[in-house]
Asks: 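Structure provided below as structure tokens; questions to follow.
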Amino acid sequence: MPIPPRGREPDPPPEGAVQPPRGDLEQPGPPTEEAEPGPDAATGTAALDDEHAAALREAEDRWRRALADLDNLRKRHVRELEREAAAERARTAAAFLPVIDNLELALSHAAADPGAIVEGVRAVRDQAVSILERLGYPRHAETGVPFDPARHEVVGVVQDLDADPNTVVQVLRPGYGEAERQLRPAAVTVAKRE
């Protein structure tokens with residue numbers, strides 16, 4: 001339908017044509033009154049609530065079981081770590097039993113031959129060093145090597161014309177281990193720079 005110019009009334013529609021609704025007439029629409037609920041309405045809502053409550057109880061039950069499983073897993077892991085630590089301590093202690101046996105043997109023979117005790121103690125020391133090496137902690141007591149702060153602890157500085165500056169001149173206490181797996185660094189004296 002063409003739009004009339006301003007200020008002019010639209011032409012009347014032809015006879016028999018469907019009239020567009022006027023704004024002052026009430027438009028038909030959905031009924032404003034709500035229908036009365038049927039006999040199933042109350043039981044349908046209750047059944048839906050029961051279904052949701054059952055699903056919620058099941059989810060809570062699964063959640064509680066998962067928490068209990070996690071707690072049991074945590075406790076089992078702690079027990080396994082303690083058991084492994086105890087087994088490792090036992091293996092390490094068992095490795096040192098021959099050292100103790102040989103020290104006792106050397107002490108029992110000390111009265112018979114005092115010179116033999118020095119040899120026996122030296123053998124026991126070598127045996128203990130060998131055990132530490134097998135456990136992953138080799139001995140470091142080298143002289144003439146460059147000073148390494150990761151492996152050496154300086155306890156003294158000396159003037160030594162025969163040694164290069166910043167080299168290990170004397171090892172006062174040997175070190176055991178490598179880099180990040182070190183029991184202790186070697187206590188050394190180092191040649192002074194001129």
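For this chain, numbers begin at 1 and follow the sequence in order. Not measured: the values here are computed from a predicted model.
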Asks: What distance do T167 atom OG1 and D148 atom CG have between them, rounded to the nearest 0.5 Å?
Replies: 13.0 Å
Asks: Does anything in residues 114-133 form a salt bridge (Lys or Arg N to Asp or Glu O under 4.0 Å)? List the pairs, not counting sequence neighbours.
Replies: none
Asks: Within the side chain of Q127, is there an N or O that forms a donor-acceptor pair under 3.5 Å with the backbone of F96?
Replies: no
Asks: Please lay out, stage by stage, how L132 and L183 fare under the test side-chain contact (heavy atoms from CB on, under 4.5 Å).
Replies: CA-CA 10 Å; L132 283 173; L183 289 177; 4.1 Å; yes
Asks: Using a 3.5 Å distance criterion without hydrogens, assess whether the side chain of H152 forms a donor-acceptor pair with backbone atoms of V168.
Replies: no
Asks: State plainly whether one hydrophobic cluster holds both V155 and F147, where clusters connect Ile, Leu, Val, Met, Phe, Trp and Tyr through side-chain heavy atoms under 4.5 angstrom apart.
Replies: no
Asks: Between H77 (side chain only) and L73 (backbone N and O only), is there a donor and an acceptor less than 3.5 Å apart?
Replies: no
Asks: Test of understanding: clusters of I, L, V, M, F, W, Y form through side-chain heavy atoms closer than 4.5 Å, transitively. Do V129 and L103 belong to the same one?
Replies: yes
Asks: Are T143 and V171 side-chain neighbours, meaning at least one heavy-atom pair lies under 4.5 Å?
Replies: yes
Asks: Are I131 and Y176 grouped together when hydrophobic residues (ILVMFWY) are joined by side-chain heavy atoms under 4.5 angstrom apart?
Replies: yes
Asks: Heavy-atom count check: over 12 atoms from other residues, nucleotides or ligands less than 6.0 Å from E80 CD?
Replies: yes
Asks: Closer than 4.0 angstrom, basic N to acidic O: yes or no for D61 and R65?
Replies: yes
Asks: For residues V169 and V145: do they belong to one hydrophobic cluster (side chain heavy atoms under 4.5 Å, members Ile, Leu, Val, Met, Phe, Trp, Tyr)?
Replies: no
Asks: Would you please name every residue forming a salt bridge (charged side-chain N to carboxylate O under 4.0 Å, His left out) with E51, sequence neighbours left out?
Replies: none
Asks: Compare all side-chain heavy atoms of Q170 with those of L172 and state whether any distance is below 4.5 angstrom.
Replies: yes
Asks: Given R151, which partner from the list E142, Q182, E178 fulfils the side chain to side chain donor-acceptor pair (under 3.5 Å) test?
Replies: E142
Asks: Go through the steps for V190 and N166 under the test side-chain contact (heavy atoms from CB on, under 4.5 Å), then give the verdict.
Replies: CA-CA 6 Å; V190 178; N166 208 26; 3.8 Å; yes
Asks: Under a 4.0 Å N-O cut-off, is there an ion pair linking R184 with E153?
Replies: no
Asks: Show, in sequence, the C-alpha distance, side-chain angles and deciding distance for L135 and T92, and conclude whether the side-chain contact (heavy atoms from CB on, under 4.5 Å) test is met.
Replies: CA-CA 8 Å; L135 291 173; T92 304; 3.9 Å; yes
Asks: Specify the closest pair of heavy atoms between H140 and A186, including all atoms of both residues, with the distance to one decimal.
Replies: O-CB, 3.8 Å
Asks: Flag the pair E84 and R79 as a salt bridge only when some basic side-chain nitrogen lies within less than 4.0 angstrom of an acidic carboxylate oxygen.
Replies: no
Asks: Are V188 and V158 connected into the same hydrophobic cluster when the rule is that any two of I, L, V, M, F, W, Y join if their side-chain heavy atoms are below 4.5 Å apart?
Replies: no
Asks: So that I can tick it off, tell me whether E88 and R91 are bridged by a salt bridge, with the cut-off set at under 4.0 angstrom between side-chain N and carboxylate O.
Replies: yes
Asks: Which heavy atom in A191 sits nearest to a heavy atom in D164, and how many Å separate them?
Replies: CB-O, 3.4 Å
